[in-house]
Amino acid sequence: MKRLLIFIFSFLFLLTAQSFAHKISAFVDVEDGNVSLVSYFSDGTPAKNAKVTVYDSKGNVVLTGRTNKEGEFDFKIKKSGKYRAVVLAELGHRAVVDFTVGAPATSESKATGNTKTETGAQSCANSTAPPPSVEEFRKVLREELRPIHRELLKVEEAQSSISYKDVIGGLGWILGIFGAAMFGYCYRRREGGDAS
């Protein structure tokens, strides 16, 4: 009986130890068919050299690649539609993110976009400095968004992590069920012994 209890506790400990594994998350930013994927582990470190596979809505592989040392992977998709990116990092860690390319814009956003473009063109005409390139703009934007991505990862990790209170509560349920089963077993055994 003692060996059985040791085996059960050992098994439960190993089962709960896996729930504290290193989690991976991925975020996608889409702009005019240009897709930027950023992937991080739960502690905020980038998923370096992780394999990225992009699938279309029918499950066909559209493209594959690897993240850079900052956990980023940029690519272009010309055909509009719904896509899924799967990031596979070391030790089998996996993140899946769905995104849409070429979503139709509403008439309200089109009007706002035209107004912003005209205003931007006027301000550039009055400025003597050349406008930044798209790559420079994306780099600055990524640097500015990096703290937000890390905060989102912390929030996601806090919501999905299992606390020690949950583990102890689960073990309490298991022990309670085991105790009730043993009580029933002993009760039946005692009732059977009194009849003979």
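Start at 1 with the first residue, then count along the sequence.
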Quiz prompt | From I24 atom CD1 to E90 atom CD, the distance as rounded to the nearest 0.5 Å | solution = 8.0 Å
Quiz item: What heavy-atom pair brings K69 and K48 nearest, and what distance separates the two atoms?
Solution: O-CG, 3.3 Å
Quiz item: Could you state the interatomic distance from CD1 (I77) to OG1 (T100), rounded to the nearest 0.5 Å?
Solution: 10.5 Å
Practice problem: Please identify each residue that fulfils salt bridge (Lys or Arg N to Asp or Glu O under 4.0 Å) with R84, with sequence neighbours left out. | Solution: D98
Self-check item: Shared hydrophobic cluster for M182 and Y187 (ILVMFWY, side-chain gaps under 4.5 Å)
Solution: no
Quiz item: Is the count of non-hydrogen atoms from other residues, nucleotides or ligands lying under 6.0 Å from R66 atom CZ greater than 12?
Solution: yes
Quiz item: What are the two closest non-hydrogen atoms of P46 and G71, and how far apart are they?
Solution: CB-N, 3.6 Å
Self-check item: V96-L88 co-clustered via ILVMFWY side chain contacts under 4.5 Å
Solution: yes
Self-check item: Smallest separation among heavy atoms of V61 and T64, with atom names
Solution: CG1-CG2, 4.0 Å
Practice problem: Consider only side-chain heavy atoms of I, L, V, M, F, W and Y, link residues closer than 4.5 Å, and tell whether Y55 and V97 are in one cluster. | Solution: no
Quiz item: With sequence neighbours left out, what residues match D29 under salt bridge (Lys or Arg N to Asp or Glu O under 4.0 Å)?
Solution: none
Practice problem: Check whether any side-chain heavy atom of V52 sits under 4.5 Å from a side-chain heavy atom of T67, and report yes or no. | Solution: yes
Quiz item: Which atom names give the shortest non-hydrogen contact between A89 and F41, and what distance separates them?
Solution: CB-CZ, 3.7 Å
Exercise. Decide if atom CG of N60 counts as having more than 12 heavy atoms of other residues, nucleotides or ligands within a radius under 6.0 Å.
Key: yes
Exercise. Working to the nearest 0.5 Å, report the span between CD of E70 and OH of Y40.
Key: 7.5 Å
Exercise. Check D74 against S36 and note the closest heavy-atom contact, atom names and distance.
Key: OD1-OG, 2.9 Å
Practice problem: Would you kindly confirm whether V30 and V62 end up in one hydrophobic cluster when ILVMFWY residues are joined by side chain heavy atoms under 4.5 Å apart? | Solution: yes
Quiz item: Do the rings of Y83 and F99 sit parallel, tilted or perpendicular, given the 30° and 60° boundaries?
Solution: parallel
Quiz prompt | Contacts of type salt bridge (Lys or Arg N to Asp or Glu O under 4.0 Å), residue E31, not counting sequence neighbours | solution = none
Exercise. Could you state whether V86 and L63 fall into the same hydrophobic cluster, counting links through intermediate Ile, Leu, Val, Met, Phe, Trp or Tyr residues with side-chain heavy atoms under 4.5 angstrom apart?
Key: no
Quiz prompt | Heavy-atom closest pair, residues D32 and K76 | solution = O-NZ, 3.9 Å
Self-check item: Flag side-chain contact, heavy atom, 4.5 Å: V101 against V35
Solution: yes
